[in-house]
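The structure appears below as structure tokens.
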Amino acid sequence: MSLPVTIAGLSHRYGRRLVLDGIDLTVAAGERVALLGASGAGKSTLLQIVAGLAKPSDGVVTIGGRRVDAPLPGVTMMLQRPALLPWATVRQNVELGLRFSGLARRDPDLARMRVNTLLAQIGLGDRGDARPTELSGGQQQRVALARALAPKPDVLLLDEPFSALDMGTRAALRADVLRLATDAGTTLILVSHDLADAEALCTRAVLLSGHPGRVAEDLAIENGIDEATRGRVAARLDAA
Ligand SMILES: Nc1ncnc2c1ncn2[C@@H]1O[C@H](COP(=O)(O)OP(=O)(O)OP(=O)(O)O)[C@@H](O)[C@H]1O
């Protein structure tokens, strides 16, 4: 299942500093949207609020009609650094996603099968017993992706998940995310300051201008973008 995300009249302050101002944004069920903006535009703050990890100063976020004021089941987040448990195996790290969802307890056989399938899909079918430290950075990020996708989330939130990776690994992981998210019809919100990430994964790009972050442009990108738009977006992303 996939669910719509609605952000209405959202503003956020850290202390007295306004970092997000009057954000209105609706992401349809199954839609894949990139949130782009220069460093400090408030992208991560907005994603954390959508994840229920922070409360906005003003405004409301709903997912599937349900108001978000704490993390909701069915919503998973993947960060720039994989944050795997170093003492647990690759398999146990992926299973963790299912413990939170309750599937591991309800149906251990199905849970085991799902973990095996995911490990095979990310090319680590034979590394389930390895520790994260025995894997490369790209492989660790794949495990984090498998963990985020294991509970078959309705909404997947990605915060710069590719930025620590080299170009080859980045392209491969983007392809993994795209395949797994489209197969499941997952609603996806990707935070990035890289237009190429957005073009690889998303059908729509929302640009935040900075200080405070406001929606500056909302672009359909699924059929590519023209050079003038590309230049304008690049200039905005470079603006610190
Ligand atoms: N916990 C915090 N306390 C105070 N200020 C914060 C906190 N987190 C972020 N900020 C500030 O809020 C603003 C927005 O930060 P945020 O991390 O959301 O931006 P971003 O667009 O994700 O940036 P980047 O691309 O560099 O990660 C920045 O000016 C940042 O310094």
Side-chain angles (χ1 to χ4, degrees), residues 5-27 32-63 68-72 75-83 137-138 140-141 144-145 148 155-167 169-170 173-174 177 187-202 204-219 221 225 229-240:
V5 177
T6 306
I7 300 168
L10 187 145
S11 297
H12 194 66
R13 290 171 200 279
Y14 286 114
R16 292 171 56 185
R17 199 148 67 91
L18 185 65
V19 294
L20 290 169
D21 186 26
I23 308 283
D24 291 305
L25 186 64
T26 300
V27 178
R32 301 189 307 280
V33 175
L35 269 183
L36 301 175
S39 183
K43 307 179 295 296
S44 293
T45 300
L46 185 54
L47 205 67
Q48 282 165 23
I49 292 171
V50 172
L53 299 172
K55 280 195 180 18
S57 308
D58 281 301
V60 176
V61 177
T62 59
I63 295 182
V68 176
D69 44 24
L72 293 183
V75 180
T76 62
M77 181 140 155
M78 178 179 165
L79 304 169
Q80 182 175 351
R81 302 264 166 208
Q140 290 182 29
Q141 199 60 327
L145 173 66
V155 179
L156 177 63
L157 307 172
L158 304 174
D159 193 354
E160 302 265 14
F162 315 114
S163 59
L165 306 175
D166 63 69
M167 280 317 290
T169 312
R170 195 176 179 128
L173 191 64
R174 274 179 191 150
V177 173
T187 307
L188 188 145
I189 304 179
L190 165 76
V191 157
S192 181
H193 55 254
D194 185 345
L195 184 55
D197 283 347
E199 289 184 284
L201 278 181
C202 299
R204 181 177 160 207
V206 173
L207 260 91
L208 292 187
S209 61
H211 316 292
R214 296 192 175 107
V215 174
E217 294 198 50
D218 194 333
L219 300 167
I221 57 169
I225 52 175
T229 307
R230 183 178 299 280
R232 203 173 61 244
V233 171
R236 216 179 260 289
L237 296 181
D238 283 342

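On a predicted model such as this, the values are computed, not experimentally measured, just so you know. Counting starts at 1 for both ligands and their atoms, in listed order.
Using a cutoff of 4.0 Å between basic side-chain nitrogens and carboxylate oxygens, Lys55 and Asp69 are not scored as salt-bridged.
Looking at Met77 and Val50, their side chains never come closer than 4.5 Å, going by heavy atoms from C-beta outward. Using a 4.5 Å cut-off on side-chain heavy atoms (C-beta onward), Leu25 and Asp218 make contact. Here the side chains of Leu158 and Ser192 are not in contact, with every heavy-atom distance at 4.5 Å or above. Counting only heavy atoms from C-beta outward, the side chains of Val177 and Phe162 approach each other to under 4.5 Å.
Protein heavy atom at the shortest distance from atom 1 (N) of ligand 1 is Tyr14 CE2, 3.7 Å. Considering only non-hydrogen protein atoms, atom 26 (O) of ligand 1 sits nearest to Ser39 OG, 2.6 Å. Looking from atom 27 (O) of ligand 1 to the surrounding protein, the closest heavy atom is Ser44 OG, 4.0 Å. At the shortest separation from atom 13 (C) of ligand 1 among protein heavy atoms lies Val19 CG1, 3.6 Å.
Residue Ile7 comes nearest to Ile23 through the heavy atom pair CG2-O, 3.6 Å, listed as atom of the first residue, atom of the second, then distance.
Residues passing the side-chain contact (heavy atoms from CB on, under 4.5 Å) test with Arg230 are Leu195, Glu199, Ile225, Glu227, sequence neighbours excluded.
Near Thr45, with a cut-off below 4.0 Å to any heavy atom, the atoms of ligand 1 are 15 (O), 16 (P), 18 (O). Short contacts between ligand 1 and Ala38, defined as distances under 4.0 Å to a heavy atom of the residue, involve ligand atoms 21 (O).
Of the polar atoms of Ala41, at least one N or O is found under 3.5 Å from an N or O of ligand 1, judged by distance alone.
Comparing Ala54, Gly40, Pro212, Gly42 by heavy-atom distance to atom 28 (C) of ligand 1, the nearest is Gly40. One option in Lys43, Gln48, His211, His193 has a heavy atom closer to atom 20 (P) of ligand 1 than any other, and that option is Lys43.
The side chain of Arg17, and not its backbone, has at least one atom closer than 4.0 Å to an atom of ligand 1 (non-hydrogen atoms only; side chain from C-beta on).
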